[in-house]
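Because only heavy atoms are used, hydrogens play no part in the values below, and waters and symmetry mates are left out as well, while side chains stay in.
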Amino acid sequence: MTSSVVADFLAHFVDGADPDADPRQGRVVLGEDQLVIVASTDDRITIDLESVFDVALGEVPEALRPHFDGAVVLGYERDDERRTVVVESKSDVADRFADALFKTILNGTEATVKHPDREDGRVRDPDPFRAPLYVTEDGMALRGDGERLTIDPGDVVGFGRTTGTIAGSDTASETPFQSR
């Protein structure tokens with residue numbers, strides 16, 4: 001692992017490639033660009049965070065429920081194949097791990113933002129701008145092209161998914177936020 005360590009703890013895990021396997025104990029090390037789960041010197045799972053397509057807290061697959069109460073389920077791609085790994089630790093550790101994992105994956109993600117603003121009492125419709133997204137103590141921050149926008153989660157009153165063209169690019173789905 002070449003990046004700094006974000007989280008390091010012991011946990012039980014199951015590689016989704018073998019859902020009938022019993023959970024094993026291992027060390028979970030989350031870095032800024034990858035997650036490594038080490039059961040032994042020769043037995044490890046390394047996941048590039050860029051390959052992660054899903055993270056779910058407490059939604060354990062049916063076949064693994066007898067082994068896990070609450071866990072973090074991570075979906076990722078390797079060799080053009082979708083895979084999963086289930087990681088469980090004490091509930092407070094699993095919660096903090098899920099938070100750290102979401103934050104690590106989201107930080108620096110490019111987003112296209114179109115944020116209507118008020119100017120002299122009128123709502124103006126500015127052009128979209130691209131900005132990296134960062135999770136902060138205050139919520140979510142987008143900084144780029146001389147623009148800075150911070151969204152407090154308490155101000156979000158709704159969100160939805162839509163398809164369309166933003167900044168000249170077709171999008172499979174966008175999540176527009178409505179805020180106060």
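Summarising the geometry of Pro132 relative to Gly108, their closest heavy-atom pair is CB-O, 4.0 Å, with the distance given to 0.1 Å. Here the closest non-hydrogen pair linking Asp15 and Arg24 is CB-NH2, 4.4 Å. Val14 approaches Pro23 most closely through the heavy-atom pair CG2-CA, 3.5 Å. In plain terms, the two heavy atoms of Ile45 and Phe13 that are nearest each other are CD1-CE1, 3.9 Å. Smallest separation of non-hydrogen atoms from Ala94 and Ser89: CB-O, 4.2 Å.
Within 6.0 Å of atom CD in Glu50, 12 or fewer heavy atoms from other residues, nucleotides or ligands are found, so the atom counts as exposed in its surroundings.
Using a 4.5 Å cut-off on side-chain heavy atoms (C-beta onward), Ile37 and Arg44 make no contact. Counting only heavy atoms from C-beta outward, the side chains of Asp8 and Val5 approach each other to under 4.5 Å. Taking the side chain as every heavy atom from C-beta outward, Leu35 and Val52 never approach each other to under 4.5 Å. No side-chain heavy atom of Ile47 sits under 4.5 Å from any side-chain heavy atom of Gln34. A heavy-atom distance below 4.5 Å is found between the side chains of Val38 and Val36. Using a 4.5 Å heavy-atom threshold, the side chains of Leu74 and Asp54 count as separate.
One finds the OG atom of Ser40 at 13.5 Å from the CZ atom of Arg27 (value rounded to the nearest 0.5 Å). Summarising the geometry, atom NE2 belonging to His12 is positioned 8.0 Å from atom CD belonging to Glu88; distances are rounded to the nearest 0.5 Å. Atom CZ of Phe9 sits about 9.5 Å away from atom CZ of Arg96, to the nearest 0.5 Å.
Under 3.5 Å, the side chains of Ser51 and Glu77 contain no donor-acceptor pair of N or O atoms.
A salt bridge does not link Asp99 with Lys103: none of the charged nitrogens is closer than 4.0 Å to a carboxylate oxygen.
Under the 4.5 Å side-chain heavy-atom criterion for ILVMFWY residues, no single connected hydrophobic cluster contains both Leu10 and Leu30. No continuous path of ILVMFWY side-chain contacts below 4.5 Å connects Ile105 to Tyr134, so the two sit in separate hydrophobic clusters.
Using modelled atom types, one side-chain atom of Asp152 and one backbone atom of Gly154 make a donor-acceptor pair closer than 3.5 Å. The main-chain N or O of Asp138 is never found under 3.5 Å from a side-chain atom of Thr150 such that the two would form a donor-acceptor pair.
Between Phe53 and Tyr76, the distance separating the two ring centers is not shorter than 6.0 angstrom.
Of the listed residues (Val87, Val6, Leu49, Val28), just one forms a side chain to side chain contact (heavy atoms under 4.5 Å, CB included) with Leu101, and that residue is Leu49.
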